[in-house]
Amino acid sequence: QVQLVESGGGLVQPGGSLRLSCAASGFTLNEHAVNWFRQAPGKEREAVSCISSPDDSTYYADSVEDRFTISRDNSKNTVYLQMNSLKPEDTALYYCATDLSMECTIPADDDYWGQGTQVTVSS
């Protein structure tokens with residue numbers, strides 16, 4: 001059974017850092033593209049970043065470019081999102097997702113999504 005589990009969220013001050021993890025089970029994560037999304041209360045879900053397969057090309061939303069870094073650890077079947085220089089507007093529930101394709105495409109609601117991890121940036 002394909003499952004994604006996010007972790008690493010929390011409360012951080014502006015300018016701080018967090019590393020989110022997306023652990024996969026039921027499939028080999030490095031054979032597929034993996035996306036990070038976020039959704040803040042009252043706002044639309046936003047695509048944040050993606051890493052493709054097999055070349056590990058990466059993509060970022062303009063709002064996080066140069067602050068966030070997506071990466072894989074194949075030995076742990078995990079994708080990470082390193083978030084630096086966090087801003088209050090980064091506050092959201094962060095999800096990882098995949099449609100099991102190799103290219104970075106937008107997963108449908110009935111593809112594979114984690115339960116989310118909350119990131120709150122506040123002083």
Side-chain angles (χ1 to χ4, degrees):
Q1 181 180 358
V2 173
Q3 189 174 15
L4 297 171
V5 178
E6 303 95 336
S7 61
L11 173 64
V12 63
Q13 292 187 341
S17 297
L18 284 173
R19 188 178 75 160
L20 305 184
S21 300
C22 172
S25 59
F27 72 105
T28 302
L29 193 146
N30 71 336
E31 295 178 353
H32 306 286
V34 176
N35 299 266
W36 283 98
F37 290 83
R38 66 186 181 186
Q39 188 165 22
K43 294 189 176 182
E44 296 283 324
R45 189 166 61 199
E46 175 188 16
V48 174
S49 184
C50 182
I51 185 164
S52 67
S53 177
D55 60 350
D56 285 354
S57 294
T58 58
Y59 304 89
Y60 299 95
D62 289 345
S63 58
V64 307
E65 185 84 54
D66 298 327
R67 298 189 298 123
F68 290 10
T69 303
I70 191 170
S71 63
R72 300 180 188 270
D73 184 336
N74 296 334
S75 68
K76 296 182 179 179
N77 213 29
T78 298
V79 166
Y80 299 102
L81 186 68
Q82 177 67 42
M83 306 187 297
N84 298 329
S85 303
L86 283 162
K87 305 175 181 180
E89 51 263 44
D90 294 318
T91 295
L93 190 61
Y94 283 71
Y95 301 89
C96 60
T98 183
D99 57 6
L100 299 184
S101 67
M102 297 173 70
E103 298 293 325
C104 281
T105 55
I106 302 296
D109 288 346
D110 60 352
D111 284 315
Y112 303 100
W113 294 77
Q115 82 290 348
T117 186
Q118 178 68 38
V119 172
T120 302
V121 185
S122 175
S123 55

Trainee: Side-chain donor-acceptor pair under 3.5 Å between Ser52 and Asp55, yes or no?
Mentor: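 Yes, a side-chain donor-acceptor pair sits under 3.5 Å.
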Trainee: Relative to Tyr80, does Arg19 satisfy both conditions: NZ or CZ under 6.0 angstrom from the six-membered ring centre, and within 45 degrees of the ring's axis?
Mentor: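 Yes, Arg19 sits over the ring of Tyr80.
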Trainee: Evaluate Val5 against Gln3 for side-chain contact (heavy atoms from CB on, under 4.5 Å), listing each step before the verdict.
Mentor: CA-CA 7 Å; Val5 178; Gln3 189 174 15; 4.1 Å; yes
Trainee: Begin from the C-alpha positions of Asp73 and Thr78 and carry the test side chain to side chain donor-acceptor pair (under 3.5 Å) through to its verdict.
Mentor: CA-CA 5 Å; Asp73 184 336; Thr78 298; over 6 Å; no
Trainee: Count the heavy atoms of every other residue, nucleotide or ligand shown that sit under 6.0 Å from CD of Gln82, and state whether that count exceeds 12.
Mentor: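 Counting neighbours around CD of Gln82, more than 12 heavy atoms of other residues, nucleotides or ligands fall under 6.0 Å, so yes.
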Trainee: Any chance you could measure Ser57, atom OG, to Glu103, atom CD, to the nearest 0.5 Å?
Mentor: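 One finds 8.0 Å between OG of Ser57 and CD of Glu103.
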Trainee: When Asp111 is tested against each of Thr105, Asp99, Ile106 for side-chain contact (heavy atoms from CB on, under 4.5 Å), which residue passes?
Mentor: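 Of the listed residues Thr105, Asp99, Ile106, the side-chain contact (heavy atoms from CB on, under 4.5 Å) partner of Asp111 is Asp99.
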Trainee: Donor-acceptor pair, distance only, cut-off 3.5 Å: does the side chain of Ser123 make one with the backbone of Gln13?
Mentor: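 No; judged by distance alone, with no hydrogens or angles, the pair does not exist.
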Trainee: Which residue is it: Leu20, Asp90, Leu93? I am looking for the one with a side-chain contact (heavy atoms from CB on, under 4.5 Å) to Arg38.
Mentor: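 Filter result, single survivor: Asp90.
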Trainee: How long is the gap from CD1 on Ile51 to SG on Cys22, to the nearest 0.5 Å?
Mentor: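 Result: 11.5 Å between the selected atoms.
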Trainee: If you measure only the distance, is there a donor-acceptor pair under 3.5 Å linking the side chains of Glu46 and Ser63?
Mentor: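 Short answer, yes.
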Trainee: Assess whether side chain to side chain donor-acceptor pair (under 3.5 Å) is satisfied between Thr28 and Asn77, documenting all intermediate values.
Mentor: CA-CA 7 Å; Thr28 302; Asn77 213 29; 5.4 Å; no
Trainee: Side-chain heavy atoms under 4.5 angstrom apart, residues restricted to Ile, Leu, Val, Met, Phe, Trp, Tyr: same cluster for Val12 and Val64?
Mentor: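 Same hydrophobic cluster.
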Trainee: Quick check on the hydrophobic clustering: are Tyr60 and Val79 connected, directly or via other members, by side-chain heavy-atom contacts under 4.5 Å?
Mentor: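 In one cluster: yes.
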Trainee: Give a yes or no on whether the backbone of Gly9 and the side-chain of Thr117 come within a donor-acceptor separation of less than 3.5 Å.
Mentor: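 Checked: pair present.
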Trainee: Any side-chain heavy atom of Tyr94 within less than 4.5 Å of one from Glu6?
Mentor: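 No, every pair of side-chain atoms sits at 4.5 Å or beyond.
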Trainee: Ring centres under 6.0 Å, that's the criterion: do Phe37 and Trp113 meet it?
Mentor: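 So the answer is yes for these two rings.
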Trainee: Just wondering, are more than 12 heavy atoms of other shown residues or ligands nearer than 6.0 Å to OH in Tyr112?
Mentor: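 Incorrect, the count does not exceed 12.
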